[in-house]
**Student:** 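The structure that follows is given in the form of structure tokens.
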Amino acid sequence: MNSASRPVRFLKGHGTENDFVILPDADGILELPAAAVARLCDRRAGIGGDGLLRVVRSAAHPEARAMAGEAEWFMDYRNSDGSVAEMCGNGVRVFARYLQRSGLAGDGVLPVATRAGVREVRVSGEGDLSVGMGSARLPDGPGESVTVRVGDRSWPARHVGMGNPHAVAFVDDLSDAGPLLAPPVVEPAAAYPQGANVEFVVDRGPGHVAMRVHERGSGETRSCGTGACAVMVAAARRAGADPAADGQPLTWTVDVPGGRLLITEAADGRITMTGPAVIVAEGTLDPDWFR
Ligand SMILES: N[C@@H](CCC[C@H](N)C(=O)O)C(=O)O
């Protein structure tokens, strides 16, 4: 039950300009309906953000209790429209930065519970953070190839699961998809019963791509960590590289509008993402935000 009869602390942070409202709520007492999240993420009438990270002890959250033995903290991630998502790659770095800055975690490996399972974040001083992102899921058969459509243009795309759903389309130029004011249409819709994040990708050179993303529940953003991992895997396979077959890890550079992420896929399929995380502001919210 929300006990916000007093001001509620918040922070604001970003990872490659994918920005988040951070709400520390260790004991899980804040009520956080979708409408309150959307108001907080509103860039004109709220704090503004692509999403919200509620920082709650795993033991205090019904969706994370089973992970409490492995990870003390649960990243309760919400998109800016208030919807819930399984995982956020930039968010989990910012989440770890918040815990480090608050003295709730030290340098070293920090396990974080997410709806996609436990993710390990390597924290070291003020430097970039590396996250074990799990393995990509590349569905075989009819769901493997999909089509992404924006207005009267369409592209073939690859379905990649990174704990959350992605459709990765290679384009000639990043401007081809236009301003992305509405979600791209992904077909067949049955391939994505929960909706999709859509990445548009161009080659920049060997092991190097650039992308734009339209995020499910948030619109076009300046970066997406899970999206960059999905793009890396789709780009590597397209280039004929597969660490599982080659027995060699592979690192690709993925440029996003807000910066750069390095993505490594190991021979066992495990993916590591490395990038920055910054806390930019801190303040208090009137309890009315949660009513
Ligand atoms: N920006 C995130 C992904 C956030 C969730 C996504 N919009 C979804 O609904 O799956 C990232 O950095 O991975």
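As the structure lists them, so they are numbered: ligands from 1, and atoms in each ligand from 1. All of these numbers come straight from a predicted model, not from anything done at the bench.
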**Student:** Do ligand 1 and P165 have nitrogen or oxygen atoms that lie under 3.5 Å from each other?
**Tutor:** no
**Student:** Does a side-chain heavy-atom distance below 4.5 Å link F170 with F200?
**Tutor:** no
**Student:** Can you tell me if C224 contacts ligand 1 (heavy atom of the residue under 4.0 Å from the ligand)?
**Tutor:** yes
**Student:** At under 4.0 Å between heavy atoms, which part of D50 makes contact with ligand 1: side chain, backbone, both or neither?
**Tutor:** neither
**Student:** Number the atoms of ligand 1 from 1 as they appear, then name those within less than 4.0 Å of a heavy atom of N90, with their elements.
**Tutor:** 11 (C), 12 (O)
**Student:** Consider salt bridge (Lys or Arg N to Asp or Glu O under 4.0 Å). Of K12, R43, R78, R222, which one does D50 pass it with?
**Tutor:** R43
**Student:** On the 0 to 90° scale, with breaks at 30° and 60°, tag the F74-H61 ring pair as parallel, tilted or perpendicular.
**Tutor:** tilted
**Student:** So which protein heavy atom does atom 12 (O) of ligand 1 come closest to, and at what separation?
**Tutor:** G225 N, 2.6 Å
**Student:** Between N18 and ligand 1, find which residue part has any heavy-atom pair under 4.0 Å and reply side chain, backbone, both or neither.
**Tutor:** side chain
**Student:** Minimum heavy-atom separation for Q100 and G125, please, with both atom names.
**Tutor:** NE2-O, 2.7 Å
**Student:** Indicate yes or no for a side-chain donor-acceptor contact from R119 to the backbone of G89 under 3.5 Å, with no hydrogens or angles considered.
**Tutor:** no
**Student:** Answer with side chain, backbone, both or neither: which part of M87 has a heavy atom less than 4.0 angstrom from an atom of ligand 1?
**Tutor:** backbone
**Student:** Any idea which protein heavy atom is nearest atom 2 (C) of ligand 1, and the distance to it?
**Tutor:** C88 SG, 3.0 Å
**Student:** Can you name the atoms of ligand 1, numbered from 1 with element, that are less than 4.0 Å from a heavy atom of A85?
**Tutor:** 5 (C), 8 (C), 9 (O), 10 (O)
**Student:** Would you mind listing which atoms of ligand 1 come within a distance below 4.0 Å of any non-hydrogen atom of T226?
**Tutor:** 3 (C), 11 (C), 12 (O), 13 (O)
**Student:** Under 4.0 Å from a heavy atom of N164: which atoms of ligand 1 are those, numbered in the order shown and with their elements?
**Tutor:** 5 (C), 6 (C), 8 (C), 10 (O)
**Student:** Tell me whether Y77 has any N or O atom under 3.5 angstrom from an N or O of ligand 1.
**Tutor:** no
**Student:** Please lay out, stage by stage, how E199 and R158 fare under the test salt bridge (Lys or Arg N to Asp or Glu O under 4.0 Å).
**Tutor:** CA-CA 10 Å; E199 287 81 23; R158 180 142 199 186; over 6 Å; no
**Student:** Which ligand 1 atoms does G89 reach within 4.0 Å, using its non-hydrogen atoms?
**Tutor:** 11 (C), 12 (O), 13 (O)
**Student:** Residue-level breakdown please: for N79 versus ligand 1, do any non-hydrogen atoms fall below 4.0 Å on the side chain, on the backbone, on both, or on neither?
**Tutor:** side chain
**Student:** Below 4.0 angstrom from a heavy atom of E215, which ligand 1 atoms are there? Numbered from 1 as shown, please.
**Tutor:** 1 (N), 2 (C), 3 (C), 4 (C), 5 (C), 6 (C), 7 (N)
**Student:** Quick one, V121 and V92 - any side-chain contact, counting heavy atoms below 4.5 Å?
**Tutor:** yes
**Student:** Are H159 and Y192 close enough that their ring centers fall under 6.0 Å?
**Tutor:** yes
**Student:** Hey, is the main chain of V171 close enough, under 3.5 Å, to the side chain of D176 for a donor-acceptor pair?
**Tutor:** no
**Student:** With distance as the sole test, does R65 use its side chain to make a donor-acceptor pair with the main-chain N or O of A59 at under 3.5 Å?
**Tutor:** yes
**Student:** Give the numbers and elements of all ligand 1 atoms closer than 4.0 Å to a heavy atom of N197.
**Tutor:** 6 (C), 7 (N), 8 (C), 9 (O), 10 (O)
